[in-house]
Amino acid sequence: MAVQISPSILSADFARLAEAAAAIPNADWLHVDVMDNHFVPNLTIGLPVVESLLKATSTPLDCHLMIEDPDRWAPAYAEAGVGSVTVHAEAAKAPIRTLRQIRAAGARAGLALNPATPVEPYEDLLGEIDMLLVMTVDPGFGGQKFLDVVLPKISRARTLIDKHGGQVWLQVDGGVSEQTIERCAEAGADVFVAGNAVYGADDPARAVDGLRALAEKV
Ligand SMILES: O=C(CO)[C@H](O)[C@H](O)COP(=O)(O)O
Ligand SMILES: [Fe+2]
């Protein structure tokens with residue numbers, strides 16, 4: 001699988017989201033962190049803002065739902081026209097139904113695991129998803145320190161994905177930077193979310209190119 005970079009607008013200026021999207025024309029995705037102040041202790045944006053973003057950019061949106069009730073909301077994001085919708089395994093009460101609804105609405109379906117959530121119990125769901133997101137920070141905030149303790153789980157996730165045909169993308173999110181991206185790629189990740197490392201840089205597009213080059217080198 002080719003390396004893909006998904007800059008997170010969590011680290012952008014929320015009053016200038018269209019400009020933030022336009023600043024990274026070389027990115028594969030725009031990562032949108034939806035937080036409801038229940039699943040995580042932070043509140044960001046929801047469906048109305050995502051609908052506006054869809055009109056403002058042609059970069060596909062990669063929506064990461066950190067919300068208490070993804071079963072209720074995830075299909076609506078897919079129906080709105082985003083490219084990918086990821087729900088947390090810790091939050092979904094009917095993950096198979098929800099993942100199937102996301103796919104039926106035409107989006108890629110993702111399943112996210114918090115740092116302390118093991119991957120093995122979800123092996124049987126690999127056929128239901130297009131992307132597995134292994135969180136490399138506890139979700140809720142941008143700019144946190146990358147958790148090295150998650151690296152062995154990324155490797156185990158890669159082994160499981162390859163055992164099942166290798167079609168599922170393996171995304172990492174949290175603290176991904178020029179200092180950490182190579183270790184993620186070595187462990188088997190192929191889709192890299194980066195907030196601070198892109199929008200904290202003087203030239204976000206150059207940061208995307210730099211991250212991509214480091215991951216492709218592995
Ligand atoms: O899901 C997230 C936090 O819960 C963000 O996508 C993630 O933290 C990106 O920001 P950074 O690269 O600065 O860590
Ligand atoms: Fe995220």
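Side chains included, hydrogens not; waters and symmetry mates left out as well; all remaining heavy atoms used. First listed ligand is number 1; within each ligand, the first listed atom is number 1.
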Closest to atom 9 (C) of ligand 1 (heavy atoms only, candidates Val34, Val198, Val137, Asp173) is Asp173
If you measure from each non-hydrogen atom of Val193 to ligand 1, which part falls under 4.0 Å: side chain, backbone, both or neither? side chain
For the 3.5 Å polar cut-off, considering only N or O atoms, please tell me whether Met35 and ligand 1 meet it. no
Which atom name does Asp33 have for its N/O/S atom nearest to the Fe ion (ligand 2)? OD1
For atom 3 (C) of ligand 1, what is the closest protein heavy atom, and at what distance to 0.1 Å? Phe141 O, 3.5 Å
Determine whether any heavy atom of Ala197 lies closer than 4.0 Å to an atom of ligand 1. no
Taking 4.0 angstrom as the limit and counting only heavy atoms of Pro139, give me the atoms of ligand 1 inside it, by number and element. 4 (O)
With only distance considered, is Gly195 within less than 3.5 Å of ligand 1 through an N or O on each side? yes
The Fe ion (ligand 2) - closest N/O/S atom in Asp173: OD2
Flag if over 12 foreign heavy atoms under 6.0 Å of CH2, Trp169: yes
For ligand 1 and His64, I'd like to know whether there is a polar contact (N/O to N/O, distance under 3.5 Å). yes
Taking side chain to side chain contact (heavy atoms under 4.5 Å, CB included) as the criterion, tell me which of Gln4, Gln171, Met135 meets it with Val193. Gln171
Contact (N/O only, under 3.5 Å) between Gly143 and ligand 1: yes
Least distance between heavy atoms, Ala185 atom then Ala215 atom: CB-O, 4.0 Å
In this structure, are over 12 heavy atoms from other groups packed under 6.0 Å from Gln167 atom CD? no
Within the 4.0 Å heavy-atom shell around His31, which atoms of ligand 1 are there? 6 (O)
The atoms of ligand 1 lying under 4.0 Å from a heavy atom of Gly140, numbered in the order shown, are 3 (C), 4 (O)
So if I count the atoms of ligand 1 from 1 in the order they appear, which ones are less than 4.0 Å from some heavy atom of Gly174? 14 (O)
So Asn114 and Phe39, do their side chains get closer than 4.5 Å, heavy atoms only? yes
Could you check whether any side-chain N or O of Lys153 sits under 3.5 Å from a backbone N or O of Pro115, counting only pairs where one atom can act as donor and the other as acceptor? yes
Check for me whether Arg108 meets the cation-pi criterion with Trp29, that is, NZ or CZ under 6.0 Å from the six-membered ring centre and within 45 degrees of the ring axis. no
To the nearest 0.5 angstrom, please state how far the NE2 atom of His88 sits from the CE atom of Met66. 5.5 Å
Ion pair Asp69/Arg72, N-O distance below 4.0 Å: no
Using only N, O or S atoms, tell me which atom of His64 is closest to the Fe ion (ligand 2). ND1
Counting from 1 in the order shown, the ligand 1 atoms closer than 4.0 Å to a non-hydrogen atom of Ala194 are 12 (O)
Heavy-atom distance to atom 2 (C) of ligand 1: which of Asp138, Val172, Asp33 wins? Asp33
Pairs of nitrogen or oxygen atoms closer than 3.5 Å, one from Gly175 and one from ligand 1: do any exist? yes
Check each atom of ligand 1 against the heavy atoms of Asn196 and keep those under 4.0 Å away; list them by number with element. 11 (P), 12 (O), 13 (O)
Do we see a donor-acceptor contact under 3.5 Å between the side chains of Asp33 and Ser8? yes
Counting only N and O atoms by type, is there a donor-acceptor contact under 3.5 Å from the side chain of Thr98 to the main-chain atoms of Ala94? yes
So the atoms of ligand 1 within less than 4.0 Å of a heavy atom of Met66 turn out to be 1 (O), 4 (O)
Check Val119 against Ala157 and note the closest heavy-atom contact, atom names and distance. CG2-CB, 4.1 Å
If we number the atoms of ligand 1 from 1 as shown, the ones under 4.0 Å from a heavy atom of Gly142 are 8 (O), 10 (O), 13 (O)
Nearest heavy atoms of Asp28 and Val3, plus distance in Å: OD2-O, 4.1 Å
